[in-house]
Structure formats: structure tokens, C-alpha cells
Amino acid sequence: MGVDLNFESPDFRSLSADYCLRERCVLRTEAALAFEEMAKAAARDGIRLRVVSATRSFADQKRIWEAKWRARSGEPQSRALDILKYSSMPGTSRHHWGTDLDINSLETSYFSSGRGLEEYRWLSENASRFGFFQAYTRSANTDAGGYQEEPWHWSYAPLADKMLRAYLLWVDYEDLPPFQGVETARELQIFDRYVRGVAKK
């Protein structure tokens with residue numbers, strides 16, 4: 001779980017720079033090809049889809065998590081819960097799998113009006129034709145916990161569904177490598193409340 005991914009493997013593929021808002025965006029090859037087909041279809045409808053973030057290694061996720069951890073104070077559990085509104089604990093993120101990506105913006109407000117709302121509507125109506133679904137929705141976030149809605153986070157179901165089943169079968173709390181706040185994972189029931197907390201397709 002703490003080993004960085006080999007992005008040079010044929011299992012992974014860099015997206016064309018035309019579809020990426022950062023220096024390099026990598027996905028599993030099947031997911032990358034599906035996204036590029038979806039982006040081409042969207043472009044024909046006047047919708048521009050660009051990837052903000054794709055596959056992340058454990059080290060990448062740890063940097064994101066620990067920067068947010070250091071920016072907060074208080075008891076460990078409350079700090080973790082605040083970060084968990086929109087960010088996964090290292091070792092539990094779907095971005096580790098190479099099947100999930102963030103599209104166009106990481107701000108909820110962007111998708112509530114104008115161009116962002118048009119993009120979100122297009123994705124909601126068409127993404128499933130290419131194998132993608134919105135991983136975190138309002139309905140997925142129940143009273144039991146879970147991430148807030150993320151209109152930017154889309155998952156390639158044909159591979160992600162298999163990854164989720166394998167993850168829940170093989171990974172336990174003892175398998176999470178060290179990071180700041182890891183001691184809260186068990187008490188916050190990270191696997192049941194967050195890893196399982198995805199939208200129904």
C-alpha cells in the first residue's frame with residue numbers, strides 16, 4: 001500500500017496533453033482510453049473536459065493529507081473528520097487505483113452555474129455511456145458518514161468496481177502505512193464509512 005506506482009508499466013497510460021490541466025495525468029490504460037473517447041464526444045457537443053488530477057501514489061496522497069493536517073489544530077479525530085469531507089486518508093483513496101479522476105475544477109461552486117453547470121449536466125447525462133460514474137453524491141453521503149458530494153470526481157466503473165472488491169477483501173487497518181492521523185482510521189471506521197461510501201450506479 002505504501003509502494004509508489006510504476007507509471008511506466010503498460011497497465012498505465014498518460015493522457016494526451018490536450019486533456020490534462022497539469023504536467024502529466026496518468027490512468028490505467030483502459031480508463032485513459034475511455035476518458036479520451038468521452039472527452040471527444042463532449043467536445044462535439046461543445047463541452048470541454050480536462051483532468052485536474054488522476055492517479056496518485058501513496059506519497060502524493062500523504063503530501064496532500066499531511067499539509068491539511070498541519071493546517072488544522074485540535075483533537076486528532078476532529079482534524080481527521082474535517083479533512084475527510086473532501087480528502088481521503090493515504091492508502092484509502094480511489095485515486096491510488098488508476099481508475100478515478102477529477103474533472104475541470106475542485107470547487108463545488110464551479111459546477112453550480114454557467115459553464116461548470118453545463119459540463120456537469122453533460123457528464124450526468126452521458127458519462128455512463130463511457131463507463132464513468134460520479135463516485136461521491138449527496139445520496140452516497142448518509143448520516144453514517146462519508147465524503148461530501150464531489151461533482152468533479154468520476155470513476156471508471158469496469159475497473160474500479162473490481163478494485164473496490166479486492167481492496168475490501170485484502171486491506172485492513174494494519175496495512176495502512178504511517179502518516180499523521182493514521183491512529184484515527186479505525187475509530188472513524190474508514191473502510192465502512194468512506195471507502196464503501198460510493199454512489200450506487
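The first residue in the sequence is number 1, and the count goes up from there.
Between Phe111 and Ser105, the closest side-chain pair of non-hydrogen atoms falls below 4.5 Å. At a threshold of 4.5 Å between non-hydrogen side-chain atoms, the residues Phe58 and Pro177 count as touching.
Considering CG of Leu49 and NZ of Lys40, their distance stands at 13.0 Å, rounded to 0.5 Å. The distance from the OG atom of Ser53 to the NE2 atom of His153 is 9.0 Å, given to the nearest 0.5 Å. For the atom pair Gln61 CD and His96 NE2, the distance stands at 5.0 Å (nearest 0.5 Å). Between the CD atom in Glu36 and the OG atom in Ser16 there is a gap of 5.5 Å [rounded to 0.5 Å]. Distance check: Asp18 CG to Arg50 CZ gives 6.5 Å after rounding to the nearest 0.5 Å. Expressed to the nearest 0.5 Å, how far CD1 of Ile190 lies from CE of Met89 amounts to 4.0 Å.
Leu117 is not connected to Leu123 by any chain of hydrophobic side-chain contacts under 4.5 Å among Ile, Leu, Val, Met, Phe, Trp and Tyr, and they are in different clusters. No path of Ile, Leu, Val, Met, Phe, Trp and Tyr side chains, each step under 4.5 Å between heavy atoms, connects Val198 with Trp154, placing them in separate hydrophobic clusters. Tracing side-chain contacts under 4.5 Å through hydrophobic residues (I, L, V, M, F, W, Y), one never reaches Trp97 starting from Val52; they form parts of separate clusters. Put simply, Val26 and Val51 are part of two different groups of oily side chains (I, L, V, M, F, W, Y) that touch within less than 4.5 Å, one to the next. When the side chains of ILVMFWY residues are joined at heavy-atom separations under 4.5 Å, either directly or via intervening members, Trp65 and Tyr167 end up in a single hydrophobic cluster.
Using a 4.0 Å cut-off between charged nitrogen and carboxylate oxygen, Asp102 and Arg56 count as a salt-bridge pair. Ion pairing between a basic and an acidic side chain is recognised when a charged N comes within 4.0 Å of a carboxylate O; Arg138 and Glu150 show no such pairing. At a threshold of 4.0 Å, the pair Asp60-Arg63 counts as salt-bridged, since one of the basic side-chain nitrogens sits closer than that to a carboxylate oxygen. The pair Arg48-Glu118 does not meet the salt-bridge criterion, since no charged nitrogen lies less than 4.0 angstrom from a carboxylate oxygen.
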CA sep, side-chain torsions, deciding dist, call: Gln180, Trp69, side-chain contact (heavy atoms from CB on, under 4.5 Å):
CA-CA 7 Å; Gln180 290 178 312; Trp69 184 268; 3.7 Å; yes

Would you sort out whether Arg13 and Leu33 count as a side-chain contact (heavy atoms from CB on, under 4.5 Å), showing the intermediate values?
CA-CA 9 Å; Arg13 180 178 180 276; Leu33 293 171; 3.8 Å; yes

Could you walk me through whether His95 and Ser88 satisfy the side-chain contact (heavy atoms from CB on, under 4.5 Å) test, starting with their C-alpha distance in whole Å, then the side-chain angles of each, then the deciding distance to 0.1 Å, before giving a yes or no?
CA-CA 9 Å; His95 283 284; Ser88 301; over 6 Å; no

Mind running side-chain contact (heavy atoms from CB on, under 4.5 Å) on Thr99 and Leu27 for me, showing each step along the way?
CA-CA 6 Å; Thr99 60; Leu27 288 169; over 6 Å; no

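Across all non-hydrogen atoms, the minimal contact from Phe133 to Ala199 is CE1-O, 3.9 Å. The heavy-atom pair separating Thr55 from Gly98 by the smallest distance is OG1-CA, 3.1 Å. Taking all atoms of both residues into account, the shortest heavy-atom contact from Thr184 to Ala80 is OG1-CB, 3.5 Å. Closest approach of Thr29 to Pro10, counting heavy atoms only: OG1-O, 2.9 Å. Of all non-hydrogen atoms in Glu149 and Thr137, the two that sit nearest each other are CG-CA, 3.8 Å.
Counting heavy atoms of neighbouring residues, nucleotides and ligands inside a 6.0 Å radius, atom CD of Glu183 exceeds 12 of them. Atom CD of Glu187 has more than 12 heavy atoms from other residues, nucleotides or ligands within 6.0 Å. No more than 12 heavy atoms of other residues, nucleotides or ligands shown are found within 6.0 angstrom of CZ on Arg121.
Ring geometry for Tyr86 versus Trp152: interplanar angle of 30 to 60°, hence tilted. Ring geometry for Phe191 against Tyr173 counts as tilted: the plane angle lies between 30° and 60°, on a 0 to 90° scale.
Glu119 pairs by the salt bridge (charged side-chain N to carboxylate O under 4.0 Å, His left out) definition with Arg115, not counting sequence neighbours.
Between Phe35 and Tyr156, the distance from one ring center to the other does not fall under 6.0 angstrom. Aromatic rings from Tyr120 and Tyr110 are positioned such that their centres are separated by 6.0 Å or more.
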Listed pairs under 3.5 Å, donor-acceptor, residues 158-165 side chains, sequence neighbours left out:
from	atom 1	to	atom 2	distance (Å)
Asp161	OD1	Lys201	NZ	3.1
Asp161	OD2	Lys201	NZ	3.4

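Counting side-chain heavy-atom gaps under 4.5 Å among Ile, Leu, Val, Met, Phe, Trp and Tyr, Ile64 is found in no cluster with other residues.
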